[in-house]
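Contents: one structure, followed by commentary.
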Amino acid sequence: MNEQTVRQVVTARFYESLAQSGVEITAIPQPQLQAIVNALADGVFAALDAMETEADHSIAETSPPPAGPGEPETISPAPIAGHLEREELLWSGRPYLSIGTRYELTTQRVRLIRGLLGRNYHEIELVRVRDTSVTQHLGERALNVGDITITSTDPSHPEFTLHNVKDPMEVREMIRKATMQEKQRRGLHYREEM
């Protein structure tokens, strides 16, 4: 949910609650009352952002210590072909001006994590990725954000879009390289379908 949406929801709910309570505020001029409601909405947005940041820190505290500079972070072991292969975090980011959503790229999959208090996970194995593309509108180009669409052979998510990603071309290239490395590690070869 972006800042404008939070502001609209808080404003609508404030005026609904005020009407239901039967209280009339006539001492405060309408523009000043709207400024108060906007400040309240900004406070709600800041509180939600702080809650998400706190939740991210608590997750980080329970995970293993981060790797040194230049080294990818280890996520968890995954058994592959009779030996253990560690899954490493290659990139993590959030959509621009959004809270409650986080994207992760590891050496084995792409994850979409949604939720502030509860969590909802969607992921695609990198070996299922077929193609990636980047879409940027004029305003997004000015802000260096864009949407990355991942086309895959995953039946539950044939198209997976990462919205409002910062540096989308760089992230797309990281996904492409990670996909190629994972397919090579698993012994899969590219074959054109006719």
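Model, not experiment: these values are computed from the prediction. Heavy-atom basis, side chains included; hydrogens, waters and symmetry copies ignored.
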- Message: Could you check whether any side-chain N or O of Arg119 sits under 3.5 Å from a backbone N or O of Gly115, counting only pairs where one atom can act as donor and the other as acceptor?
- Response: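 Yes; judged by distance alone, with no hydrogens or angles, the pair exists.
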
- Message: Would the distance check show the side chain of Lys166 and the main-chain N or O of Gly146 forming a donor-acceptor pair, the cut-off being under 3.5 Å?
- Response: no

Salt bridge (charged side-chain N to carboxylate O under 4.0 Å, His left out) involving [X] - partner list, sequence neighbours excluded:
{"X": "Arg13", "value": "Glu16"}
{"X": "Glu140", "value": "none"}
{"X": "Arg176", "value": "Glu173"}

Hey, is [X] close enough to [Y] for a salt bridge, meaning N to O under 4.0 Å?
{"X": "Glu87", "Y": "Arg109", "value": "yes"}
{"X": "Arg86", "Y": "Glu88", "value": "no"}
{"X": "Arg128", "Y": "Glu125", "value": "no"}

Quick check: closest heavy atoms across [X] and [Y], and the distance to 0.1 Å?
{"X": "Ser92", "Y": "Arg102", "answer": "OG-CD, 3.5 Å"}
{"X": "Thr101", "Y": "Pro95", "answer": "O-CD, 3.4 Å"}
{"X": "Pro158", "Y": "Ser156", "answer": "CD-C, 3.7 Å"}

Measure the shortest side-chain to side-chain distance between [X] and [Y] over non-hydrogen atoms and say whether it is less than 4.5 angstrom.
{"X": "Met174", "Y": "Leu105", "result": "yes"}
{"X": "Glu104", "Y": "Ile113", "result": "yes"}
{"X": "Ile175", "Y": "Leu162", "result": "yes"}
{"X": "Trp91", "Y": "Val165", "result": "yes"}
{"X": "Pro168", "Y": "Asn144", "result": "yes"}
{"X": "Gln181", "Y": "Gln108", "result": "no"}
{"X": "Val171", "Y": "Ile148", "result": "yes"}

- side chain to side chain contact (heavy atoms under 4.5 Å, CB included) between His122 and Arg111, intermediate numbers included: CA-CA 6 Å; His122 297 285; Arg111 287 191 185 104; over 6 Å; no

- Item | Of Thr106, Thr107, Val110, the residue whose pairing with Leu126 passes side chain to side chain contact (heavy atoms under 4.5 Å, CB included) |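 When side chain to side chain contact (heavy atoms under 4.5 Å, CB included) is applied between Leu126 and each of Thr106, Thr107, Val110, only Val110 qualifies.
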
- Message: Return the NE2 to OG distance between His163 and Ser98, rounded to the nearest 0.5 Å.
- Response: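 Reported value, rounded in 0.5 Å steps: 10.5 Å.
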
- Query: What's the spacing between Thr161 OG1 and Glu159 CD if we round to 0.5 Å?
  - Reply: 6.0 Å

- Restricting to pairs with a member in residues 98-119, which pass ring-ring contact (aromatic ring centres under 6.0 Å, His included), not counting sequence neighbours?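 Sorted result for residues 98-119: empty, none.
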
- Would you sort out whether Leu112 and Glu123 count as a side chain to side chain contact (heavy atoms under 4.5 Å, CB included), showing the intermediate values? CA-CA 6 Å; Leu112 165 62; Glu123 52 188 30; over 6 Å; no

- Task: For Met180, look at atom CE and say whether over 12 heavy atoms of other residues, nucleotides or ligands are found less than 6.0 Å away.
- Result: no

- Task: Apply side chain to side chain contact (heavy atoms under 4.5 Å, CB included) to Lys177 and Leu90, showing your working.
- Result: CA-CA 11 Å; Lys177 285 180 181 177; Leu90 301 175; over 6 Å; no

- Message: Could you work out, with side chain to side chain contact (heavy atoms under 4.5 Å, CB included) as the rule, every residue matching Leu143, not counting sequence neighbours?
- Response: Tyr96, Val145

- Task: Evaluate the criterion side chain to side chain donor-acceptor pair (under 3.5 Å) for residue pair Arg130 and Thr151; output intermediate values, then yes/no.
- Result: CA-CA 6 Å; Arg130 297 189 73 198; Thr151 307; over 6 Å; no

- Message: Under the rule for side chain to side chain donor-acceptor pair (under 3.5 Å), what residues qualify as partners of Asp147, not counting sequence neighbours?
- Response: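 Not a single residue meets the side chain to side chain donor-acceptor pair (under 3.5 Å) criterion with Asp147.
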
